Amino acid sequence: AVTGGGGLALFAGLMLLAHVAGSFDLRDILARGDLIRSHALYPVILILVLLGAFSKSAQIPLHFWLPNAMAAPTPVSAYLHSATMVKAGIFLLARLHPSLAGSDLWFWVVTSIGAITFVAGAFFALAKHDFKGLLAYSTISHLGLITLLLGLDTPTAMVAALFHTINHAIFKASLFMAAGVIDRECGTRDMRRINGLFARMPWTGALAMVSAGAMAGVPLLNGFLSKEMFFAEAVAVSTLPAWLLPALATLAGIMSVAYSLRFAHDVFFNGEPIDLPREPKDPPRWLLVPIEVLVVLMLALGLAPNIFVSGVLAAAASAALGAPSPEFKLAIWHGFNLPLVMSAVAL
């Protein structure tokens with residue numbers, strides 16, 4: 001109902017957008033941003049399109065469908081809830097950026113909803129006992145982070161948003177698949193019963209903890225780089241009070257580390273299993289290969305991003321902005337600066 005209703009709002013918004021632009025050709029629509037933003041129907045178009053995007057990408061208050069959509073088999077969950085379905089709204093915001101962004105209304109609505117979702121999703125993730133539920137709410141939080149970056153409406157924020165979209169897809173897919181393996185071996189997803197698995201499933205545990213580290217933004221993993229880019233954009237915002245966005249970003253970063261650590265600690269350490277339906281052990285070899293591939297990608301993008309992702313990121317940013325990609329530097333070390341301090345405080 002939520003995504004269907006959002007889809008109807010989106011359909012209406014796109015019809016009005018084409019009417020104002022005078023064309024259904026996406027190239028024409030993207031080229032006529034000034035005309036669209038100056039039109040009397042622009043606020044209506046923007047709100048309708050944002051309702052569609054926010055419902056697809058589980059922004060608060062349209063978020064509750066995502067944690068309830070975890071009944072699918074593990075590969076489907078990993079596919080839909082990490083990389084495709086929940087990124088549909090994000091894709092829409094990025095693709096229509098030249099047409100709809102660049103106004104105060106875009107900045108305040110998109111940034112505010114993204115910030116609320118970023119912080120609230122992280123808070124809700126901390127309270128879940130079902131580890132798939134924890135991952136679902138962490139997905140909501142990260143989608144809020146990407147939405148917030150798109151709302152900031154600068155070329156470098158677009159690069160950061162697209163980079164985190166890639167990174168989130170990689171580490172969250174691996175975590176959903178690890179969760180599926182654990183569920184298969186233990187017969188439950190309740191973290192109050194699943195404890196001490198590292199002694200019983202050491203290789204699964206090692207892979208899952210690396211993925212949780214990427215989610216938390218631990219240095220040398222891909223999540224750290226895009227989180228640093230986000231922190232740098234938060235510091236650079238001049239429209240808001242200088243302390244507000246860095247403070248919110250650091251708070252959400254703290255909670256992100258906390259729920260990642262809770263997942264790793266409660267599942268793989270924290271004593272002994274309690275009344276599990278099955279005796280857990282590392283699964284057959286081929287069940288872990290997809291997780292291993294993704295963990296290798298996390299390390300590759302974290303250690304050598306300029307080799308593996310810079311070109312793709314520049315092309316994607318250029319397409320989303322409708323202009324040449326801004327210059328950006330992907331590096332583990334940018335010197336001692338405020339974003340580094342924010343990362344250190346969060347960790």
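This structure is a prediction, so every number in the text was calculated from the model and none was measured. In this chain, residues are counted from 1 in sequence order.
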| Close side-chain approach of N167 and F224, heavy atoms under 4.5 Å | no
| query | About how many Å separate OG of S318 and CG of L313, when rounded to the nearest 0.5 Å? | reply | 11.5 Å
| When rounded to the nearest 0.5 angstrom, what is the spacing between CG in N270 and NE2 in H265? | 4.5 Å
| request: Keeping the roles fixed (side chain from S211, backbone from L207), state whether a donor-acceptor pair exists under 3.5 Å. | output: yes
| Got a second to check how far I36's CD1 is from L41's CG, nearest 0.5 Å? | 11.0 Å
| query | Do N222 and P305 come close enough that some side-chain heavy atom pair is under 4.5 Å? | reply | no
| message | Evaluate F54 against T147 for side chain to side chain contact (heavy atoms under 4.5 Å, CB included), listing each step before the verdict. | response | CA-CA 9 Å; F54 291 164; T147 300; 3.9 Å; yes
| request: Could you give me the CA-CA distance, side-chain angles and deciding distance for L92 and V49, then say whether side chain to side chain contact (heavy atoms under 4.5 Å, CB included) is met? | output: CA-CA 9 Å; L92 189 69; V49 171; 4.1 Å; yes
| query | Side chains of V289 and E292: closer than 4.5 Å at any heavy-atom pair? | reply | yes
| said: A quick test of your reading: do over 12 heavy atoms of other residues, nucleotides or ligands sit less than 6.0 Å from CZ of F123? | reply: no
| said: Checking the side chain of T117 only, and the main-chain atoms of I60 only, is there a donor and an acceptor separated by less than 3.5 Å? | reply: yes
| hydrophobic_cluster_shared for V295 and V293, side chain cutoff 4.5 Å | no
| query | Is a donor on one side and an acceptor on the other found under 3.5 Å between the side chain of Y42 and the backbone of L100? | reply | yes
| Which atom names give the shortest non-hydrogen contact between P283 and V181, and what distance separates them? | CG-CG1, 3.4 Å
| Looking at P98 and R37, what are the two nearest heavy atoms and their distance? | O-NH1, 3.0 Å
| query | Between R32 and A21, is there a donor-acceptor pair closer than 3.5 Å when you use the side chain of the first and the backbone of the second? | reply | yes
| query | If only atom types and distance count, is the side chain of T111 paired as donor or acceptor with the main-chain N or O of W108 below 3.5 Å? | reply | no
| task | May I ask you to decide if V86's main-chain N or O and S57's side chain share a donor-acceptor pair within less than 3.5 Å? | result | yes
| query | Between T188 and I194, is there a donor-acceptor pair closer than 3.5 Å when you use the side chain of the first and the backbone of the second? | reply | no
| said: Would you say L338 ends up clustered with L152 if hydrophobic residues are merged whenever their side chains have heavy atoms under 4.5 Å apart, either directly or through other cluster members? | reply: yes
| remark: Between F163 and L225, the two heavy atoms sitting closest are CE2-CB, 3.6 Å
| query | Would you call K132 and D130 a salt bridge, taking side-chain N to carboxylate O under 4.0 Å as the test? | reply | no
| With no hydrogens and no angle check, is any side-chain donor or acceptor of S325 less than 3.5 Å from a backbone partner on A317? | no
| task | For the pair F171 and H168, evaluate ring pair (Phe, Tyr, Trp, His ring centres under 6.0 Å) and give the outcome as yes or no after the intermediate values. | result | CA-CA 5 Å; F171 65 65; H168 176 262; 5.5 Å; yes
| query | Linking I/L/V/M/F/W/Y whenever any side-chain heavy atoms sit under 4.5 Å apart, do L26 and L321 land together? | reply | yes
| task | Measure across R184 and P284 and return the closest heavy-atom pair with its distance rounded to 0.1 Å. | result | NH1-CD, 3.7 Å
| Would you call F176 and T139 a side-chain contact if the rule is heavy atoms closer than 4.5 Å? | yes
| task | Enter the distance from L50:CG to S55:OG here, rounded to the nearest 0.5 Å. | result | 10.5 Å
| query | Considering only heavy atoms from C-beta outward, does the side chain of C186 approach that of L197 to under 4.5 Å? | reply | yes
| query | Do you reckon F24 sits in the same ILVMFWY cluster as I45, going by side-chain contacts under 4.5 Å, direct or chained? | reply | no
| message | If hydrophobic clusters are built by linking Ile, Leu, Val, Met, Phe, Trp and Tyr wherever their side-chain heavy atoms come under 4.5 Å apart, do F91 and L93 end up in the same one? | response | no
| field | Considering all heavy atoms, the nearest L175-A208 contact | value | CD2-O, 3.7 Å
| request: Check step by step if side chain to side chain contact (heavy atoms under 4.5 Å, CB included) holds for T154 and L149. | output: CA-CA 8 Å; T154 66; L149 282 167; over 6 Å; no
| said: Tell me if the CZ atom of F328 is crowded by more than 12 foreign heavy atoms within 6.0 Å. | reply: yes
| said: To the closest 0.5 Å, what do you measure between CG (L145) and OG (S226)? | reply: 8.0 Å
| Any idea which heavy atoms bring D28 and S23 closest together, and the distance? | OD2-OG, 2.9 Å
| field | Candidate pair L294 and L297, rule side chain to side chain contact (heavy atoms under 4.5 Å, CB included), full reasoning | value | CA-CA 5 Å; L294 293 167; L297 272 175; 4.2 Å; yes
| field | CD1 on I166 to NE2 on H164, rounded to 0.5 Å | value | 11.5 Å
| task | Please answer whether the main-chain N or O of T204 pairs with a side-chain N or O of D282 as donor and acceptor at a distance below 3.5 Å. | result | yes
| Pairwise side-chain contact, L347 with P219, heavy-atom cut-off 4.5 Å (strictly under) | yes
| said: Tell me whether R95 contacts the main-chain N or O of A319 through its side chain, where contact means a donor paired with an acceptor under 3.5 Å. | reply: yes
| query | Does CZ belonging to F11 count more than 12 external heavy atoms closer than 6.0 Å? | reply | no
| Looking at side-chain heavy atoms only, is the closest gap between L248 and V119 below 4.5 Å? | yes
| message | Taking the side chain as everything from C-beta on, heavy atoms only, tell me whether I90 gets closer than 4.5 Å to K56. | response | no
